[in-house]
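Notes to accompany the following structure.
Reminder, nothing fancy here: chain letters follow the sequence lines and each chain counts from 1. Owing to the predicted nature of the structure, the values given are computational and were not obtained by experimental measurement.
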2 protein chains.
Amino acid sequence: MDIASSQVFEAGTPAACRSCQARHGVVCGALSNGQLKELNRHSLRRKVGAGTEIIAQGAETSFYSNIMRGVVKLCKVMPDGRQQIVGLQFAPDFVGRPFVRESTLSAEAATDAEICVFPRSLLDRMIAETPELQRSLHDQALKELDAAREWMLTLGRRTAEEKVASLLHLIATHAEPQTATSTAFDLPLSRAEIGDFLGLTIETVSRQMTRLRKRGVILIENSRHIVVPDMDELERITS
Amino acid sequence: MDIASSQVFEAGTPAACRSCQARHGVVCGALSNGQLKELNRHSLRRKVGAGTEIIAQGAETSFYSNIMRGVVKLCKVMPDGRQQIVGLQFAPDFVGRPFVRESTLSAEAATDAEICVFPRSLLDRMIAETPELQRSLHDQALKELDAAREWMLTLGRRTAEEKVASLLHLIATHAEPQTATSTAFDLPLSRAEIGDFLGLTIETVSRQMTRLRKRGVILIENSRHIVVPDMDELERITS
DNA sequence: ATCGCTGTTTGATGCAGATCAAACTCGGTG
DNA sequence: CACCGAGTTTGATCTGCATCAAACAGCGAT
């Protein structure tokens, strides 16, 4: 399950990363053609199944990734097992903590995903040489900081109903296919994961979902597929 | 009360910022002598009283600051008045959101403080020209991100008692004068502010403080001055 | 001193969400 | 098909924190 396993960089075939050449991803967009070529020689595109741990909490990291497809959750767990999701990342986000060897959180694929994996040492060097890349990662860090703080407000001050509505709004906003007002999307998270993101139990999440359904705010096609007839209505509940 | 008032930069006397020359602060440590001189010509050291709003939520910001002394709280408030503190900043932290015109949160002096104020346009230019400054601000953003995520765990998954212990631990860690195991410090926050940081009410904060006192974990010399006989004991409660 | 104001503590009661428990759904498997 | 197990929903009850209410402490102004 460990993406960092040595065969990735040593025994694996370092295939060119076509997506990166196409300038997807936070990292590749900021590089020169020469750098991109070098990065491609040492990077590898990987498909990972839902639930795969990409980075372990407390472990040394030897690589960074770009998310090319799918959703990755960032998790913190306490010694007694209590758990909190502290961020959701979507393509084309960057995963990894520049400059610091040890990760204070775990990153896990929430859905099946494709990621583009770079050796840490190489990317650290490129960051140091490329102000534009530094800037690009700085931007992402600030974006994540805003998201984290917005979520602190949700965790600290919103009711269970508002929390669930906020989560649905967040997912809907990041899901691609949207019509004018109505939106349909797949939830990348189970009820348990939603609970861990919102600081609630499974049961409370479930109850709030059915309350929203009974009020006509959402349709639950199945537990993972949601339709929102009117996004404004959902946003209103968010507060 | 508005620090950004025009007289600061137009009518005020732009005194040299001695602290910055001494390389305090996140910004000044990363600049060349020439840049520092230019920055000094346009920056101003200001004393602000506790409660002064430095940046208003939703307002355009025309300046950044370095905290030279005191504590600054970062706040988000909801339309209905519910409020969440999303960060505490101590000297020599940087205050302001690079690259973005409008602030999504307010910054307010929690204690009497001294800050070093720079015009936004000038510092933005220096960031663009100075990779080391970019790096320095990037580092701070990552540090704040780690802190925000750690606090998300506290908000989502810790009990009231653990929350209060976590806050005391946080403050104790950032307060300067510490003996080997025992620590004494001033709380920079009122009970109401602590509640807004922890997602609790004033009453619950107060009750948990007296519980910790009765158990001998802390001494409350007065409501703002705390002694922790054994930091390990406090840390244990934090979980 | 006495007043009045603001912040804090303490007490009594209520309720949102946790916990405990059981039924239901659905996709996979022998 | 029946069976199983994991995930989800629903119901009954409990509890930690919120809410409502009142006393208390500190402190500047008169």
Side-chain angles (χ1 to χ4, degrees), chain A residues 49-51 73 78 80-85 110-112 154-168 186-215 217-226 237 239, chain B residues 49-51 73 78 80-85 110-111 154-168 186-215 218-226 237 239:
Chain A
K73 60 177 183 169
M78 293 169 64
D80 64 5
R82 280 177 288 175
Q83 185 163 351
Q84 176 71 40
I85 295 181
T111 63
D112 290 345
T154 299
L155 288 172
R157 289 304 186 193
R158 289 200 233 257
T159 64
E161 175 176 66
E162 292 167 340
K163 285 179 175 181
V164 170
S166 298
L167 178 89
L168 294 174
D186 287 314
L187 281 176
L189 303 177
S190 70
R191 297 290 183 269
E193 291 171 315
I194 293 173
D196 282 339
F197 198 15
L198 297 172
L200 299 173
T201 59
I202 300 175
E203 295 94 326
T204 299
V205 172
S206 179
R207 276 184 246 274
Q208 295 300 334
M209 298 272 289
T210 75
R211 275 192 55 189
L212 291 175
R213 176 172 57 72
K214 284 180 180 163
R215 284 208 272 148
V217 180
I218 60 174
L219 310 185
I220 305 182
E221 308 231 305
N222 66 55
S223 72
R224 289 283 193 142
H225 193 77
I226 306 293
I237 295 167
S239 232
Chain B
K73 59 177 183 170
M78 293 170 64
D80 64 6
R82 280 177 287 175
Q83 185 163 351
Q84 176 70 42
I85 294 180
T111 63
T154 299
L155 288 172
R157 290 305 186 193
R158 288 201 232 257
T159 64
E161 176 178 66
E162 291 168 341
K163 284 178 175 180
V164 170
S166 297
L167 178 89
L168 293 174
D186 287 314
L187 281 176
L189 303 177
S190 70
R191 297 291 183 267
E193 290 171 316
I194 293 173
D196 282 340
F197 198 15
L198 296 173
L200 298 172
T201 58
I202 300 175
E203 295 94 325
T204 299
V205 171
S206 178
R207 276 185 247 274
Q208 295 300 335
M209 297 271 291
T210 76
R211 275 193 55 188
L212 291 175
R213 177 173 56 73
K214 284 179 180 164
R215 284 210 272 147
I218 59 174
L219 311 185
I220 305 181
E221 308 232 304
N222 66 57
S223 71
R224 289 283 192 140
H225 193 77
I226 306 293
I237 294 168
S239 233

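- The structure places CG of B:Leu198 at 10.0 Å from CD of B:Gln208, a figure rounded to the nearest 0.5 Å.
- One atom, CG of A:Asn222, and another, C1' of D:dT9, lie 14 Å apart when rounded to the nearest Å.
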**Request:** Show the numbers, then the answer: is there a side chain to side chain contact (heavy atoms under 4.5 Å, CB included) between B:Ile237 and B:Leu212?
**Result:** CA-CA 10 Å; B:Ile237 294 168; B:Leu212 291 175; 3.8 Å; yes

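- Contact check for A:Ser190 versus A:Glu193: side-chain heavy atoms found under the 4.5 Å cut-off.
- Atoms CG (A:Leu187) and C1' (D:dG7) sit 14 Å apart, rounded to a whole Å.
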**Message:** Please encode protein proximity along nucleotides 6-18 of chain C as a string of B, S and -, counting only heavy-atom distances under 4.0 Å.
**Reply:** --SBBBB----SS

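- Side chain of B:Arg82 to main chain of A:Arg157: a donor-acceptor pair is present (N/O by atom type, distance under 3.5 Å, no hydrogens or angles).
- At whole-Å resolution of the value, NZ in B:Lys163 and P in D:dG16 are 14 Å apart.
- Atom CD in A:Glu221 sits about 18 Å away from atom C1' in D:dT9, given to the nearest Å.
- Contact of the A:Met78 side chain with the B:Arg158 side chain is registered, since non-hydrogen atoms from C-beta on lie closer than 4.5 Å.
- Applying the salt bridge (charged side-chain N to carboxylate O under 4.0 Å, His left out) test to pairs two or more places apart or on separate chains, those with a residue in residues 201-214 of chain A are A:Glu161-A:Arg211.
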